[in-house]
Amino acid sequence: MRKGFLTFAAVGLLATGSMAACGDDSSSNDAGGDAAKKPKIGVILPDSKSSARWETADRRFLKAAFDAAGVESDIQNAQNDKNAFQTIADQMITSGVTTLMIVNLDSGTGKAVLDKAKSQGVATIDYDRLTLGGSAQYYVSFDNEAVGKLQGEGLVKCLTEKGVKNPTVAYLNGSPTDNNATLFKNGYDSVLKPKFESKEYTKGPDQSVPDWDPAQAATIFEQMLTQTGGKIDGVLSANDGLGNAAISVLKKNKLNGKVPVTGQDADVTGLQNILAGDQCMTVYKAVKKEADAAAELAIAVAKGERKETGQTVKDPESGRDVPSVLLEPKAIDKATVKDVVADGYVDKAKLCTGAYAALCTANGIS
Ligand code: BGC
């Protein structure tokens with residue numbers, strides 16, 4: 001880290017954006033002797049289609065955390081464009097960010113960005129998604145296998161309540177390029193595989209959705225339904241966007257509410273689908289905690305400080321133990337939608353519109 005900063009100064013990259021930062025150091029750091037360096041954090045979010053969370057939650061909470069710490073930040077969204085991702089990273093590095101935090105679009109391009117930042121003395125953090133083979137100094141996320149386990153358990157609960165005998169379960173997995181999607185699947189497989197093996201359940205179609213794209217998910221699910229002659233009794237969908245795509249197809253076939261569908265992210269549509277009885281559950285990840293933890297680390301590393309996270313995650317590609325913060329996810333069903341509102345994650349006014357107003361009242365959402 002410290003060495004990184006020396007490199008940074010030595011190669012003369014303290015251009016434009018960070019010049020002002022050099023004059024005034026009000027922070028009380030600093031292990032590295034680079035006391036003149038004022039933190040400036042760059043964040044690259046992945047897109048705004050695969051989940052509402054990136055723009056409605058992550059951006060908001062990260063900005064609030066940086067503002068509260070009085071730290072300059074630049075939060076941008078790559079809109080699922082890998083070239084744009086790299087260009088944004090280059091611009092941020094040139095503009096003098098001291099820490100770069102990324103949600104990669106895939107490990108290959110993520111690694112290139114992290115390595116470049118590192119070579120220029122910029123501290124790096126993997127936010128939410130681990131970049132396999134990457135060089136980020138920290139990884140901040142949720143326990144993603146636990147997320148998948150909650151989804152598997154939630155689906156089992158809903159199928160049991162519906163009394164479906166030997167249900168056929170279809171999988172709509174997340175993007176094959178997202179390490180989280182692998183972890184979610186490990187989690188739900190740990191619950192469902194034993195049931196397939198014991199023949200209590202039947203394994204239906206199992207497909208990954210490129211880029212977590214809900215439009216492709218709808219097409220894929222439509223094909224699944226056709227291919228099985230409508231014999232799908234439960235859908236393990238890896239997030240709310242994919243779940244909503246499946247629900248839209250189920251609606252066309254008048255099967256919504258009959259076939260339980262899972263989700264993740266507790267977004268407004270997911271919660272509305274739960275209130276309407278079309279979605280079985282979602283997984284709430286308190287993004288504010290994730291953003292706060294990441295912001296704290298981003299500011300600390302920018303100052304050359306070392307933080308103990310007390311936990312590491314092994315990068316399965318490089319074998320490196322990456323210092324990590326992993327937060328606990330929470331399962332949400334109809335009875336607990338109100339907890340997500342009470343936590344300030346979703347706005348009651350946005351959730352309880354139109355036909356949902358009565359459902360909100362009936363489910364104690366105030
Ligand atoms: C995140 C999920 C999100 C998905 C699609 C995953 O890496 O952990 O919260 O729904 O990406 O954006």
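If you read the sequence from its start, that first residue is 1, and numbering goes on from there. All ligand and atom numbering here is 1-based and tracks the order in the structure.
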- State the atoms of ligand 1, each with its element, that fall below the 4.0 Å cut-off from a heavy-atom position in R53. 1 (C), 2 (C), 8 (O), 9 (O)
- Task: Show which atoms of ligand 1 fall inside a sub-4.0 Å distance from at least one heavy-atom site of D178.
- Result: 6 (C), 7 (O), 11 (O)
- of all protein heavy atoms, closest to atom 10 (O) of ligand 1 is D265 OD2, 2.6 Å
- Note on the structure: Of all protein heavy atoms, the one nearest atom 4 (C) of ligand 1 is W212 CE2, 3.5 Å
- Item | Residue pair D265, S51: steps toward the side chain to side chain donor-acceptor pair (under 3.5 Å) verdict | CA-CA 8 Å; D265 287 345; S51 174; 2.6 Å; yes
- atom 12 (O) of ligand 1 [closest protein heavy-atom partner, distance rounded to 0.1 Å]: S50 OG, 2.6 Å
- Message: Give the atom numbers and elements of ligand 1 that come within less than 4.0 Å of a heavy atom of R129.
- Response: 4 (C), 5 (C), 6 (C), 7 (O), 11 (O), 12 (O)
- Query: To the nearest 0.1 Å, how far is atom 8 (O) of ligand 1 from its closest protein heavy atom, and which atom is that?
  - Reply: D128 OD2, 2.6 Å
- Query: Which atoms of ligand 1 sit under 4.0 Å from any heavy atom of S51?
  - Reply: 10 (O), 12 (O)
- Query: Do the charged groups of E145 and K149 touch, with an N to O distance under 4.0 Å?
  - Reply: no
- Message: Distance under 4.0 Å to a non-hydrogen atom of K285: what atoms of ligand 1 satisfy this?
- Response: 1 (C), 2 (C), 8 (O), 9 (O)
- Query: For ligand 1, which part of W54 has a heavy atom less than 4.0 Å away: the side chain, the backbone, both, or neither?
  - Reply: side chain
- Task: For a side-chain contact (heavy atoms from CB on, under 4.5 Å) with V337, tell me which candidate from N363, I274, L359 qualifies.
- Result: I274
- Query: Does D240 approach ligand 1 within less than 4.0 angstrom via side chain, backbone, both or neither, non-hydrogen atoms only?
  - Reply: neither
- Query: Do the side chain of E328 and the main chain of D143 share a donor and acceptor less than 3.5 angstrom apart?
  - Reply: no
- Query: Checking side-chain contact (heavy atoms from CB on, under 4.5 Å) for the pair V283/F142: CA distance, chi angles, key distance, verdict?
  - Reply: CA-CA 11 Å; V283 178; F142 285 81; over 6 Å; no
- Message: Whether K157 and D333 form a salt bridge (side-chain N of Lys/Arg under 4.0 Å from carboxylate O of Asp/Glu) is what I want to check.
- Response: yes
- Message: Would you say NZ of K231 has more than 12 non-hydrogen atoms from neighbouring residues, nucleotides or ligands within 6.0 angstrom?
- Response: yes
- Contact check, F184 vs ligand 1, heavy-atom distance below 4.0 Å: yes
- Message: Between W54 and N77, is there a side-chain donor-acceptor contact under 3.5 Å, judged purely by atom types and distance?
- Response: no
